[in-house]
Amino acid sequence: MLACLGTSTYFAHHALHGRHGLEARSRLINQATSAEFVIRGLEAERSRLATDVALLRREPPDPDLVEEVARDLLGYARPGDRLLVAR
């Protein structure tokens, strides 16, 4: 009787706290949820970049997008624009 109780306790403990137990399953579910959130964000960014690339490949390229790239990424400004410098 004592051997059965000990064996049952051993397997119950490992079913809850073991490497493949319920706690590990819970951690994996949380990690999967976090990964899905990151993946959705990356897919949205990829879609936006694909749209930008498609607009830049046109002949001639979209002038608004070219201006946006020149201003944001390259730091260009038009003559007569007022620039505010943050310190």
Side-chain angles (χ1 to χ4, degrees):
M1 181 73 154
L2 191 57
C4 286
L5 181 62
T7 304
S8 296
T9 303
Y10 173 81
F11 284 115
H13 172 75
H14 284 284
L16 294 174
H17 306 290
R19 195 167 114 196
H20 301 289
L22 294 176
E23 288 181 0
R25 181 179 183 273
S26 176
R27 282 192 304 272
L28 286 174
I29 289 172
N30 288 338
Q31 289 175 352
T33 304
S34 298
E36 287 174 5
F37 178 75
V38 170
I39 287 170
R40 281 195 300 272
L42 291 173
E43 285 175 345
E45 180 70 13
R46 180 176 179 250
S47 173
R48 186 188 64 77
L49 289 172
T51 303
D52 288 352
V53 167
L55 289 173
L56 285 172
R57 283 190 178 168
R58 290 189 349 204
E59 282 297 325
D62 185 43
D64 291 333
L65 186 61
V66 172
E67 182 178 353
E68 179 183 332
V69 169
R71 287 176 180 267
D72 291 343
L73 298 178
L74 302 176
Y76 289 176
R78 286 185 175 178
D81 281 354
R82 293 185 183 197
L83 303 176
L84 301 175
V85 180
R87 294 181 192 207

Ignoring hydrogens, what is the shortest heavy-atom contact between [X] and [Y]? Give both atom names and the distance.
{"X": "Leu83", "Y": "Ala77", "answer": "CD2-CB, 3.9 Å"}
{"X": "Gly18", "Y": "Ala24", "answer": "O-CB, 4.1 Å"}
{"X": "Pro61", "Y": "Leu56", "answer": "CB-O, 3.6 Å"}

Quick check for you: to the nearest 0.5 Å, what is the distance between [X] atom [atom1] and [Y] atom [atom2]?
{"X": "Asp62", "Y": "Arg57", "atom1": "CG", "atom2": "CZ", "result": "15.0 Å"}
{"X": "Gln31", "Y": "Ser26", "atom1": "CD", "atom2": "OG", "result": "10.0 Å"}
{"X": "Glu23", "Y": "Leu28", "atom1": "CD", "atom2": "CG", "result": "12.0 Å"}
{"X": "Arg25", "Y": "Asn30", "atom1": "CZ", "atom2": "CG", "result": "11.0 Å"}
{"X": "Phe11", "Y": "Leu16", "atom1": "CZ", "atom2": "CG", "result": "13.5 Å"}

Quiz prompt | Glu45 bridged to Arg48 by N-O distance under 4.0 Å | solution =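 Yes, this pair counts.
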Quiz item: Does the Thr9 side chain pair with the main chain of Leu5, one donor and one acceptor, at a distance under 3.5 Å?
Solution: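 Pair found, side chain donor or acceptor close to backbone of Leu5.
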Self-check item: Side-chain donor or acceptor of Thr7 paired with backbone N/O of Ala3 under 3.5 Å
Solution: yes
Quiz item: Is any side-chain heavy atom of Leu55 less than 4.5 Å from a side-chain heavy atom of Glu68?
Solution: no
